[in-house]
Protein chains: 2
Amino acid sequence: MPDPLSATFAALADPTRRAILARLAQGEASVGQLAAPFSISQPAVSKHLKVLEQAGLITRGRAAQSRPCKLDVARLRDVSDWLETYRRFWDESFDRLDAYLAELQKGDPDAQKN
Amino acid sequence: MPDPLSATFAALADPTRRAILARLAQGEASVGQLAAPFSISQPAVSKHLKVLEQAGLITRGRAAQSRPCKLDVARLRDVSDWLETYRRFWDESFDRLDAYLAELQKGDPDAQKN
DNA sequence: CAGTTATATAACTTATTAGTTACATACATG
DNA sequence: CATGTATGTAACTAATAAGTTATATAACTG
């Protein structure tokens, strides 16, 4: 069992799974709905969903004989946090952004006027 | 040959490779320097570096018998871009941030005063 | 140019992954 | 309750990955 971040990256390293996540970003969906756009078999989709679930990227409910899948973004947030270390290498406005976020955190009323 | 984003995620799905990237975030390093912190063999490190290079996450130079490795963040930026689709699901200040970035892009002089 | 240092490659092993087909489970409904 | 629909699991195959040891390449050094 790899660490959660490794499991997350591994799960994201497949275009089919990323497409599934993109679909789920628009709302819950059944396995059948998720499988429809792909030419692979239904069991293959089930396996992809299992990988996503074990990585913590989706959760599953139960509704009649359907097992609706739902996006869980906590792990994506972890990826984003991991990326923060490197953001300064490409984000020109990183410093200004950083300052802005610091303002927000201080609760600067002016910064929150929108 | 998978698509670049898949190759990037696959390369990141290994803690040793992420540690190598973290080290390279502090500056170029030789293979030996990169290998030092790990208990695995030198060829194993060479293979990890090959994976990182083929994913476009590092580049390599030549200096005497050393092959210095250098971080290349372009693909990390691609990951960050990919994440943007999902950021709204967790970033409370996403809207304000978005507005702020829009201001920056417009070249608002006040926003760029730092 | 012989030896040492730095790194890459080859050959191999073991484990994991993505897909398949066939089958099982579970609920819904006529 | 028999059947259809939705989904998961088993068993298998082929490809890939991560590690090993042994060896090759390439450049510096005396």
Side-chain angles (χ1 to χ4, degrees), chain A residues 1-24 27-71 75, chain B residues 1-21 23-24 27-72 75:
Chain A
M1 303 139 190
D3 60 288
L5 194 53
S6 294
T8 302
F9 279 126
L12 295 176
D14 183 292
T16 302
R17 288 195 288 260
R18 292 198 303 277
I20 289 172
L21 292 182
R23 166 64 186 79
L24 290 176
E28 294 194 14
S30 70
V31 176
Q33 290 172 319
L34 292 172
F38 304 107
S39 56
I40 59 178
S41 64
Q42 169 265 316
V45 173
S46 270
K47 282 172 85 172
H48 280 306
L49 293 174
K50 194 175 194 175
V51 172
L52 290 169
E53 186 178 28
Q54 289 181 339
L57 286 160
I58 66 170
T59 56
R60 304 217 229 178
R62 192 173 263 294
Q65 67 275 62
S66 171
R67 306 289 314 280
C69 298
K70 194 180 167 217
L71 183 63
R75 296 298 161 79
Chain B
M1 304 140 190
D3 60 289
L5 195 53
S6 294
T8 302
F9 279 126
L12 296 176
D14 182 292
T16 301
R17 289 195 288 261
R18 291 199 303 278
I20 289 172
L21 292 181
R23 165 65 186 78
L24 290 176
E28 292 192 17
S30 70
V31 177
Q33 290 173 320
L34 292 172
F38 304 108
S39 56
I40 59 177
S41 66
Q42 170 266 315
V45 173
S46 270
K47 282 171 87 170
H48 280 307
L49 293 174
K50 194 174 194 175
V51 171
L52 289 170
E53 186 179 26
Q54 289 180 339
L57 286 161
I58 65 170
T59 57
R60 304 218 228 178
R62 192 173 262 294
Q65 67 274 62
S66 170
R67 307 289 315 278
C69 298
K70 193 180 169 214
L71 183 64
D72 182 343
R75 295 297 161 78

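Naming convention: chains lettered A, B, ... in sequence-line order (proteins, then strands); numbering from 1 in each chain.
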Would you give the length of the straight line joining atom CG of B:Leu52 to atom CG of B:Leu21, rounded to the nearest 0.5 angstrom? 5.0 Å
For B:Pro4, is there any backbone N or O sitting under 3.5 Å from a side-chain donor or acceptor partner on B:Thr8? yes
Which pairs of donor and acceptor atoms, one on a side chain in residues 59-69 of chain B, lie under 3.5 Å apart (sequence neighbours left out)?
from: B:Arg60; atom 1: NE; to: B:Glu53; atom 2: OE1; distance (Å): 3.3
from: B:Arg60; atom 1: NH2; to: B:Glu53; atom 2: OE1; distance (Å): 3.4
from: B:Arg67; atom 1: NE; to: B:Gly61; atom 2: O; distance (Å): 3.0

Starting at CZ of A:Arg67 and ending at C1' of C:dA28, how long is that distance when rounded to a whole Å? 17 Å
Measuring from B:Leu49:CG to B:Ile20:CD1, what's the distance to the nearest 0.5 Å? 5.0 Å
Spacing between A:Leu49 atom CG and D:dA6 atom P, to the nearest angstrom: 15 Å
Do side-chain atoms of A:Arg75 reach the backbone of A:Ala55 as a donor and acceptor pair under 3.5 angstrom? yes
Counting only non-hydrogen atoms, which of residues 27-39 of chain B are less than 4.0 Å from DNA chain D? none
What pairs with B:Arg18 under salt bridge (charged side-chain N to carboxylate O under 4.0 Å, His left out), at least two apart in sequence or on another chain? A:Asp3
To the nearest Å, give me how far apart CZ (B:Arg18) and P (D:dA18) are. 12 Å
Which pairs, protein N/O on one side and nucleotides 23-29 of chain D N/O on the other, fall under 3.5 Å?
none

Along nucleotides 11-19 of chain C, 5' to 3', which nucleotides get a B, which get an S, and which get a -, given that the test is a protein heavy-atom distance under 4.0 Å? -------BB
Drop me the distance from A:His48's NE2 to A:Thr16's OG1, to the nearest 0.5 angstrom. 4.5 Å
Taking side-chain hydrogen bond (donor to acceptor under 3.5 Å, both in side chains) as the cut-off, I'd like each qualifying pair that reaches into residues 27-47 of chain A, sequence neighbours left out, listed once. A:Ser30-A:Gln33, A:Gln42-A:Ser46
Taking the side chain from A:Arg17 and the backbone from A:Ala10, do they hold a donor-acceptor pair closer than 3.5 Å? yes
What is the distance from CD1 of A:Ile58 to C1' of D:dG8, rounded to the nearest Å? 13 Å
